[in-house]
Amino acid sequence: MPAGKATIQSVLLAALCLPGAYAVPRPARQDPESILLSLPSAEIYSRHLLNLTEEPHPAGSRRNMELADYVRDRFIEYGLEDVHFHDTPALLSRSVSASVELVAPVRLRLKLAEDPYPADKDSFLYRDPRVVPYHAYARSGDVTAETVYANSGSPEDFAALRKMNINLRGKIVVMRYSEPYSYRGYKVWLAETHGAAGAIIYSDPQDDGYAQGDAYPDGPLGPPSHVQLGSIVYDWLGPGEPFTFHWERGGGTWKEGTVRDRQLPKIPSIPMSYEDASEILSRLSGPAVPSGWQGGLPFTYHIGPGPVRVHLRVENSERIGTMRNVLGAIRGTAERDKWVVIGNHRDAWVYGAVDPGSGTAAMLEVARSLGAALRAGFRPRRTILFADWDAEEDLLGGSTSWAEQQRDRLLRDGVAYVNVDSGVSGHDFSGGSTPALAGFLQDATRSVHDPDGGGSVYDAWAARSRDGAPVVEDIVGATDYTAFQENIGMSCIDMSFGGPYGVYHSEYDDYFWISRIVDQGFRYGTTMARLWGLVTWRLANATVLPMRYSDYARKVLDYLGAIETKDAARPLALEQARSAARRWRDAALDLETRLREGPVPDDAAARQVNDLLVRVERAMTDGEGLKGRPFFKHLIYAPQPTYREEILPRLYEAIETGDRDSIPRYEAQLVAAFDRAALLLRQARGRLEEGA
Ligand SMILES: [Zn+2]
C-alpha cells in the first residue's frame, strides 16, 4: 500500500474514533517501550498540574472531589478500563481557628500566616483570616503555660531534658521539624506522654531555610513565614481499619462515641514558622542548649522553662468524611487475573504542587501513554491497575482501606506495587524497593534519558553514589506502599526526583514554585512519566517476573550480621537464621542461572513460575505481626513510629525492650520464612526442568 494512502487512512481513523489527546495519526506498529518513552508531553503534564494545584484540596474537600472527577475523566479519555470510584468513610480533622500569643515577658500576638509574594497568585491564602495553619487530629484546647525548647522532639532529646531535670508537666513544648524527616506525630506524642499541656512544632532555618540555600522566591528553601502543615495521628498505635475511630453510624448519621481512641492526640498542637517561633525562642532563659540543639536563628538558644508564657488556642473540627480513590485498569492477556498496581495520592494539605501533584500529573501521563500503547495493539500480559489514592496525608487512608478490602485478592494475585508520591522536588533520582526488585529498577533507569546529566537516569544516579553503583534504598512505611509491602507482602518500588524542598506542606508548594524554581519546562515531571511507564510496562509484560531473590537473601544476611551486634554488650548468635538465609540464597542463584542460560519458558510454565516468585515475597510476612502493631506483618521491614526504618523488626524490638525470651521464637519465624522462600524457588526451578 502506498505510504500516502496509509497516512490518509490513519488520519481518518484518528478523526473518527480517537478522543481528545489521541487526535493524532495512529502510529505504525512499533515497540511499546518507544511509545512510553516518547509520548509524555510537558504541555499536557503542565495542564494537569495547573488544574491539580488550582485550589487547596485536602481529603474530603469539595475541590478534592472535583479532582477525583478530573482523574476519572482522564482515565476514561485515555482508554483505561473498569474505571470506578472506591469510597470509604474516615474521620477527618480540619482547622476552624487558632491563635498563639505571648503573655510574658511581653504581650505579642503571633502572625500564624504565610506572607504573600505578589508574583505568585497562589500565595495570598492567609489574607482570609479563617485560614490558619494546623495539625490534623490535634486536640482542640486552650492553654496558657511556660514554654520549653526540646530540640527535634526525639526520644533522645526528651531523655536529655530528663537528665537536665527539666520538668515538662503542664508546659508548652516547642520542637523543631527536623532533617532527616522524623514523624511530627511522634514528637507530639512524646510531649504528651511527658505531661506537656501543648506542643508547637516549627521549621528551623537550619533544617529547611536560609542555612541550606536560597529561599523562596529566589530558591527552593523555606521563607521566614512558611509553615509545614501535617497530620499528627498516632498511627503506630494501630493503623488500618477502622478509619472512623470511635465514631459510629446510627440512624444514617455518624455519632461520636464516648471513649476517644488512643491514636488521637490528647493535647493541642500547632505548626509554626521560624519567624513566629523566634519570638518565643529568643526570649527563653534557663540553660543554654546542649551541642547539636542550636538551630539557625541568630541568637543562642536556651531551654527554658520560661520566662516566656504562651497562650495557645486550637480549635479543630472532626467529622466523618469520604475518602475517594479513583481506579482504572488495562486488562492483561495471558495472566489477566494478576495485578501490577501503580499508585499516587491526590489529596494535598494546600495546593500540593510537589506533594503529590507532580506525581499525579506523571501518573496521568503514564495512563495516556499506556492507553496509546494499548490502542497501538500492545496489551500487557498482566493487568495494570491505576490507583489515585485519597487521604494519604491524613492517615494513609485511601491506599490502606483499598488494600484491606482487597486483601484476599492481593494475597493471591498481587504481583507488585509501584508508588510515586512527591514525583519531583528536584533533579536527583532516588529509587527504593523491596530488595528483589532493586536490580530491575536500576536496569529500567538505564533506558531513560536524564535531562541535566546528558546520559541516562542511571548514569546521573550512579554519579552521585560513592562507588559508582546507584543505591536502591530500603523502603519503609511513610507513604502509600505501606499496606502493600508491610501488610500484604507484595514487592514494591517507590520513586522520586528530589532536591532541596523547603516548602513541604506549605502554601508555597504551588505551581509557581515548581514551574519557576525547580522544574522549568517540566523536564523532570515528564522524565518521571517516562520512567514510571517503562517500569510498569516491564513488570506487567515480562514473561518471567524480574524478581531477583539472591539479592534479597544477601541483604538479609547483612541485616542478620547487624542485628547480632546491635546490643554490643549482649550479642546474638543467629546461626540458624543465617543458615536458612544461605539456603534461600543458593536456591535463588540456582533458579536465576537456569533462567539466564535456559530457554524462555512457554506461557503455562512461565505462569506457574511467576506465581511461585510472587509468593516468595509473601513468605516474608507472618500472621502475628508486631507486638501491639499487628498490621505490620513483614518479618524484614517495619517503620518505627518516627518513620525511621526498623530492620528485622521483631528482633529489633525484642532487643530494645529487653524481651530476650522471645528471640528464639522470632528466629524460628525467620528460619521458617527463609525455608518457605527456598522451597518456592526450588519448585520454580523444578517447573522449568519439566518444561524443558
Ligand atoms: Zn505526599
Side-chain angles (χ1 to χ4, degrees), residues 48-49 52-53 56-61 63-64 67-68 71 90 92 135-137 177 179-185 208 220 226-233 235 239 271 323-326 342-364 386-403 417-426 430-432 473 475-485 492-499 501-511 513-514 518-519 524-525 528 532 639 643:
H48 293 319
L49 195 59
L52 292 164
T53 57
H57 54 282
S61 65
R63 182 59 183 168
N64 205 40
L67 289 177
V71 170
L92 300 174
H135 280 146
Y137 302 104
Y177 284 115
E179 286 293 333
Y181 179 78
S182 174
Y183 180 48
R184 62 187 87 73
D208 67 359
H226 85 284
V227 185
Q228 181 192 134
L229 275 59
S231 170
I232 57 165
V233 69
D235 55 3
M323 305 188 285
R324 171 160 292 173
N325 299 326
V326 189
I342 76 169
N344 155 268
H345 72 93
R346 182 182 71 254
D347 63 300
W349 285 123
V350 195
Y351 303 104
V354 169
D355 180 9
S358 58
T360 315
M363 188 165 78
L364 290 172
F386 292 75
D388 172 62
W389 308 121
D390 204 351
E392 187 271 354
E393 296 292 3
D394 302 85
L395 67 184
L396 306 184
S399 55
T400 307
S401 70
W402 186 83
Y417 174 69
V418 185
N419 190 69
V420 174
D421 184 329
S422 296
V424 179
S425 61
S430 135
E473 286 153 29
I475 55 172
V476 169
T479 176
D480 286 312
Y481 55 74
T482 303
F484 298 95
Q485 177 174 269
C492 289
I493 288 176
D494 186 57
M495 303 184 290
S496 66
F497 285 95
Y501 174 36
V503 301
Y504 170 66
H505 287 187
S506 78
E507 81 168 352
Y508 305 114
D509 181 358
D510 64 3
Y511 191 82
W513 186 90
I514 197 164
V518 167
D519 195 16
Y524 279 89
M528 178 56 87
W532 199 0
Y643 286 141

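Atoms within each ligand, like the ligands themselves, are counted from 1 in listed order. Counting begins at 1 with the first residue of the sequence.
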*Decide side-chain contact (heavy atoms from CB on, under 4.5 Å) for D394 and V233; before the verdict, give the C-alpha distance in whole Å, the side-chain angles of both, and the deciding distance to 0.1 Å.*
CA-CA 8 Å; D394 302 85; V233 69; over 6 Å; no

*Just do the side-chain contact (heavy atoms from CB on, under 4.5 Å) check on V418 and M495 with the steps written out, would you?*
CA-CA 8 Å; V418 185; M495 303 184 290; 4.0 Å; yes

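Taking the centre of each ring, Y481 and Y417 stay at or above the 6.0 Å mark. For an aromatic pair to be called close, the ring centres must be under 6.0 Å apart, and Y504 with W349 fails this.
In this structure, Y501 OH and E179 CD are separated by 11.5 Å, a value rounded to the nearest 0.5 Å.
Protein atoms that are N, O or S and lie under 2.8 Å from the Zn ion (ligand 1) are these: H345 NE2, D355 OD1, D421 OD1, D421 OD2.
Checked by atom type and distance alone, the side chain of N325 pairs as donor or acceptor with a backbone atom of D390 at under 3.5 Å.
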